[in-house]
Amino acid sequence: MITRRSALRTMALSSCAVALGQNVLHAQAPAPAPTAEGVYKLPPLGYDYDALEPFIDAETMKIHHDKHHAAYVSKLNTAVAKLPDKEKRTVEELLIGLKALPEEIQKDVQNQGGGHANHSLFWQTLKKNENGKPVGQLAKEIEKSFGSYDDFWKLLTEKATKVFGSGWAWLVVEKGKLAVTSSPNQDSPLLTGATPLLGIDVWEHAYYLQYQNRRPDYLAAFQKVINWEFVNERYGKVSKA
């Protein structure tokens, strides 16, 4: 028989268990990414976290930008803290001139600087655009280089699918022509003399909360969030340069 005293005791124990469980969950929550003040800054996302839903969820965008990208910026600032002329160099210039940097910081600049440069471009190329396709001169060059937009997209997603582990698939300008490439980790196309126009981030943090291990589903959704107007504008600037 359940007495009033035993019922109260059970409620008290249950409350303690819930409180303990919540404390454990809070303790296991990832700590905010450390920040190191320096020349390089985390750029604003430029739109709301949920702007790409339902294709990329708000929580993924928040963690991806506020935690992962912020960590690359912080670690890059730490790596170049003693570099005398860092104020005069963009992150892109650091990557292009990587071999001229002090040897002891080259790997950190490659990884952290690559992460910063790759993501700074990535956010700008995103926009909910369900039926979007390349426009202007870029559309013509894609047809000229790959046969059709569909052929281009098939090639790009094949590259993205075949990245082993973490990395990127890219549409780049290479030796004056369009090319589709991939790179491991946070390596930037700038390291090989190419200029990135569009990148698909296939690190798991870019999609795992929503798509788990279903990378092909993420890639199918990604096609619906490309800001082709921005990519075309960037292509025009790169072509003139």
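Predicted, not measured: the structure shown is a model, and the values here were computed from it.
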Handout entry: Parallel, tilted or perpendicular: rings of W153 and Y149 (30°, 60°)
Key = parallel

Test item: [X] and [Y] side chains (from C-beta on) under 4.5 Å apart, heavy atoms:
X    : Y    : answer
I226 : N129 : no
E143 : P134 : no
L219 : I200 : yes
F146 : L171 : yes
T195 : P189 : no
L45  : M61  : yes
V73  : L76  : no

Exercise for the section: Could you check Y207 against D201 for side-chain contact (heavy atoms from CB on, under 4.5 Å), going step by step and ending with a plain yes or no? Expected result: CA-CA 9 Å; Y207 63 89; D201 188 345; over 6 Å; no

Practice task
Could you give me the CA-CA distance, side-chain angles and deciding distance for T60 and D57, then say whether side-chain hydrogen bond (donor to acceptor under 3.5 Å, both in side chains) is met?
Solution key: CA-CA 6 Å; T60 291; D57 64 289; 2.7 Å; yes

Handout entry: Derivation and outcome, side-chain contact (heavy atoms from CB on, under 4.5 Å), residues Q124 and N227
Key = CA-CA 8 Å; Q124 297 179 83; N227 186 347; over 6 Å; no

When rounded to the nearest 0.5 angstrom, what is the spacing between [atom1] in [X] and [atom2] in [Y]?
X    : Y    : atom1 : atom2 : answer
L178 : S239 : CG    : OG    : 7.5 Å
L138 : L198 : CG    : CG    : 9.0 Å
S166 : H205 : OG    : NE2   : 7.5 Å
S74  : K41  : OG    : NZ    : 10.5 Å
R89  : E87  : CZ    : CD    : 10.5 Å
I142 : Y235 : CD1   : OH    : 9.0 Å

Practice task
Any side chain to side chain donor-acceptor pair (under 3.5 Å) involving residues 100-113? Give me the pairs, sequence neighbours left out, ordered by first then second residue.
Solution key: Q110-D187

Exercise for the section: Determine which pairs satisfy side chain to side chain donor-acceptor pair (under 3.5 Å) with at least one residue from residues 172-183, sequence neighbours left out, and list them in order. Expected result: W170-S183

Completion exercise
The side-chain hydrogen bond (donor to acceptor under 3.5 Å, both in side chains) partner of H119 among H65, H64, H68 is H64

Handout entry: Chi angles and distances behind the side-chain contact (heavy atoms from CB on, under 4.5 Å) call for V39, V80
Key = CA-CA 9 Å; V39 172; V80 301; over 6 Å; no

Using every non-hydrogen atom in the two residues, find where [X] and [Y] come nearest and quote the distance to one decimal.
X    : Y    : answer
A117 : E92  : CB-OE2, 4.5 Å
L95  : S188 : CD1-CB, 3.9 Å
P196 : L190 : CD-CD2, 4.0 Å

Verify the cluster assignment for [X] and [Y]: are they in a single hydrophobic cluster under the rule of side-chain heavy atoms below 4.5 Å apart?
X    : Y    : value
L155 : F222 : yes
L156 : Y218 : yes
Y40  : W123 : no
I96  : L83  : yes
Y211 : L209 : no

Which residue pairs pass the salt bridge (Lys or Arg N to Asp or Glu O under 4.0 Å) test when at least one of the two sits in [range], sequence neighbours left out?
range            : value
residues 144-169 : none
residues 232-241 : E233-K237
residues 209-223 : R214-D217

Practice task
Applying side-chain contact (heavy atoms from CB on, under 4.5 Å), run through E59 and I63 and close with a yes or a no.
Solution key: CA-CA 6 Å; E59 188 65 13; I63 294 172; 3.6 Å; yes

Handout entry: Check: F122 ring centroid to W168 ring centroid under 6.0 Å
Key = yes

N/O donor to acceptor pairs below 3.5 angstrom from side-chain atoms of residues 48-55, sequence neighbours left out:
unit_1: Y49; atom_1: OH; unit_2: D66; atom_2: OD1; d: 3.2
unit_1: Y49; atom_1: OH; unit_2: D66; atom_2: OD2; d: 2.5
unit_1: E53; atom_1: OE2; unit_2: A58; atom_2: N; d: 2.9

Exercise for the section: Count the heavy atoms of every other residue, nucleotide or ligand shown that sit under 6.0 Å from NZ of K133, and state whether that count exceeds 12. Expected result: no

Exercise for the section: For K128, look at atom NZ and say whether over 12 heavy atoms of other residues, nucleotides or ligands are found less than 6.0 Å away. Expected result: yes

